[in-house]
There are 2 protein chains.
Amino acid sequence: MSRTSTAPTKFTHVACGDCPIRHRAVCARCDDTELKQLDEIKYYRSFQAGQTIVWSGDRMDFVASVVSGIATLTQTMEDGRRQMVGLLLPADFVGRPGRETAAYDVVATTDLVMCCFRKKPFEDIMVTTPHVGQRLLEMTLDELDAAREWMLLLGRKTAREKIASLIVIIARRDLSLKPGDADGRVVVDLPLTREAMSEYLGLTLETVSRQISALRKDGIIQIEGKRHITIPDFDRLIEEAGDDSDGGFLA
Amino acid sequence: MSRTSTAPTKFTHVACGDCPIRHRAVCARCDDTELKQLDEIKYYRSFQAGQTIVWSGDRMDFVASVVSGIATLTQTMEDGRRQMVGLLLPADFVGRPGRETAAYDVVATTDLVMCCFRKKPFEDIMVTTPHVGQRLLEMTLDELDAAREWMLLLGRKTAREKIASLIVIIARRDLSLKPGDADGRVVVDLPLTREAMSEYLGLTLETVSRQISALRKDGIIQIEGKRHITIPDFDRLIEEAGDDSDGGFLA
DNA sequence: CAAAATCCTTGACCTAGATCAACAAATGTC
DNA sequence: GACATTTGTTGATCTAGGTCAAGGATTTTG
């Protein structure tokens with residue numbers, strides 16, 4: 001439990017205008033006038049599962065919040081090796097204010113709706129409304145923390161620890177739990193295919209499948225269907241994940 | 001060459017008051033009055049090689065620029081496995097404005113001098129001087145980009161590619177090169193021990209040593225002593241690194 | 001409802017990198 | 001200048017996870 005953050009990691013109850021979800025992002029502290037400004041430059045976009053939203057290196061002229069569905073940020077090597085570097089769940093934010101182009105592929109993993117803000121006017125609002133910039137800094141620092149946890153996972157954890165960590169991370173996000181909040185029985189639906197998990201974890205999909213089976217056989221998790229997981233003892237799973245961290249709040 | 005950043009990645013020539021180095025960081029766009037403010041809250045600290053500056057989870061009541069020497073940010077697991085998550089060279093910035101505690105160990109890898117700013121007053125300056133916050137956001141986004149490159153390295157690259165990548169990254173930092181700038185002969189001094197490299201790359205130190213030897217035998221690099229490296233053909237080394245990225249500008 | 005995709009699991013085998021171990025070279029120290 | 005320490009190299013061996021391959025379970029499509 002090393003994190004003592006001043007950033008609101010819970011969802012705030014300030015909705016962004018008539019936006020159907022509560023953005024964790026930019027509008028957390030905006031007043032009505034400011035929300036109206038944001039309203040004026042926002043628009044919705046839908047994407048089909050599998051669709052690439054932006055290619056690495058392409059111009060990306062918006063920032064956005066995920067309304068529903070899942071998107072991933074992925075780095076690709078010329079020979080096709082892929083590493084996920086960000087996982088966007090509903091209410092997550094994506095965008096690089098001050099940057100022209102995307103540094104990674106942004107892919108809709110499921111059918112996806114995003115609430116987008118055109119970048120230029122958004123940046124203007126950032127200038128005139130300091131706390132929008134402040135929120136963005138906080139969010140970016142959170143992402144950096146998550147990225148660094150993730151680096152530990154990629155560089156040093158075993159396959160089994162990686163899988164356990166991923167389930168913990170998703171469970172926490174799912175339940176909006178802070179570290180240490182949950183114990184006892186927890187239920188999660190994995191929103192990712194085995195392949196997507198392998199791209200997240202720096203493994204092959206076969207290894208992912210095998211390790212999930214192993215955790216099942218050892219009674220750490222129970223599985224119905226392919227994605228529905230019951231964790232009888234959450235603390236036990238955290239032990240398997242091999243760290244006492246706060247798990248990070250993903251990108 | 002995917003990066004097209006608006007952030008100044010070159011050093012700016014605005015020194016921070018009488019600070020002996022040019023901070024890439026906070027004072028890049030400050031005027032004299034603002035520099036004076038920063039001057040008033042800054043102080044210098046020296047550390048010996050090997051000294052831990054802050055432990056993960058400890059209170060960290062300052063932000064700082066590296067004046068000379070090298071520091072690393074490292075995540076540690078209970079059983080001692082270590083993963084470097086940030087490498088700080090002279091002029092790099094470290095700190096988590098808005099955060100109470102460190103999320104990783106900060107260690108002086110060599111003898112080190114830092115120019116520190118007490119956090120509270122620094123945050124006050126951030127509020128009154130918007131572009132300081134803006135610079136910080138830019139810097140944090142750069143770090144996030146670097147972290148994501150690093151994740152690709154950790155998750156998907158071979159040992160040989162990892163070593164080649166590290167040498168490329170250090171060479172670029174050393175020469176303050178932008179991607180694509182350098183070709184032909186390049187000379188670098190590795191500022192890290194084999195062990196530190198292994199912590200950076202998610203390898204063992206033996207593998208680091210072997211792969212460096214292999215690159216030497218294959219004529220990709222030449223070595224004098226243990227750390228002094230000559231790269232006869234920089235583009236060749238980039239090929240070995242297995243990516244066309246901008247290499248990232250580390251934490 | 002058959003055919004074709006997807007998505008997932010499991011087995012057999014292989015290899016990159018880890019582990020264990022010995023030693024060499026450089027550096028510090030009294 | 002001998003001794004200890006730190007740093008780096010190389011060899012022998014082991015193993016976690018990758019690769020290749022077959023097949024099962026669902027979902028999609030026509």
Report yes if a side-chain nitrogen or oxygen of [X] is closer than 4.0 Å to either non-bridging phosphate oxygen (OP1 or OP2) of [N]; otherwise report no.
| X | N | value |
| --- | --- | --- |
| A:Ser209 | C:dT10 | no |
| A:Thr207 | D:dG18 | yes |
| B:Arg227 | D:dG8 | yes |
| A:Thr193 | C:dC7 | no |

Nearest-angstrom distance from the residue atom NZ of A:Lys157 to C1' of D:dA16
17 Å
Ignoring hydrogens and angles, answer whether the base of D:dT10 and the side-chain atoms of B:Arg194 contain a donor-acceptor pair closer than 3.5 Å.
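Such a pair does not exist between side chain and base.
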Side chain of B:Glu206, base of C:dC20: donor and acceptor closer than 3.5 Å?
yes
Upstream residue (5' side of DNA chain D) when B:Arg216 and A:Gln211 are each assigned their closest nucleotide:
B:Arg216
Any base atoms under 4.0 Å from [X], or only sugar-phosphate, or nothing? Heavy atoms, all strands.
| X | result |
| --- | --- |
| B:Gly50 | nothing |
| B:Leu203 | sugar-phosphate |
| A:Arg160 | nothing |

Within this structure, what is the NZ-CD distance for the pair B:Lys157 and B:Glu149, rounded to the nearest 0.5 Å?
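Those atoms lie 7.0 Å apart.
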CD/A:Glu199 to CG/A:Leu87 distance, rounded to the nearest 0.5 angstrom?
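Going from CD on A:Glu199 over to CG on A:Leu87, the span is 11.5 Å.
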Per the side-chain contact (heavy atoms from CB on, under 4.5 Å) rule, which among A:Val63, A:Ile53, A:Val67 passes with A:Met114?
A:Ile53
Nearest listed nucleotide, side chain of B:Lys226, among C:dG11, C:dA26, C:dC8:
C:dA26
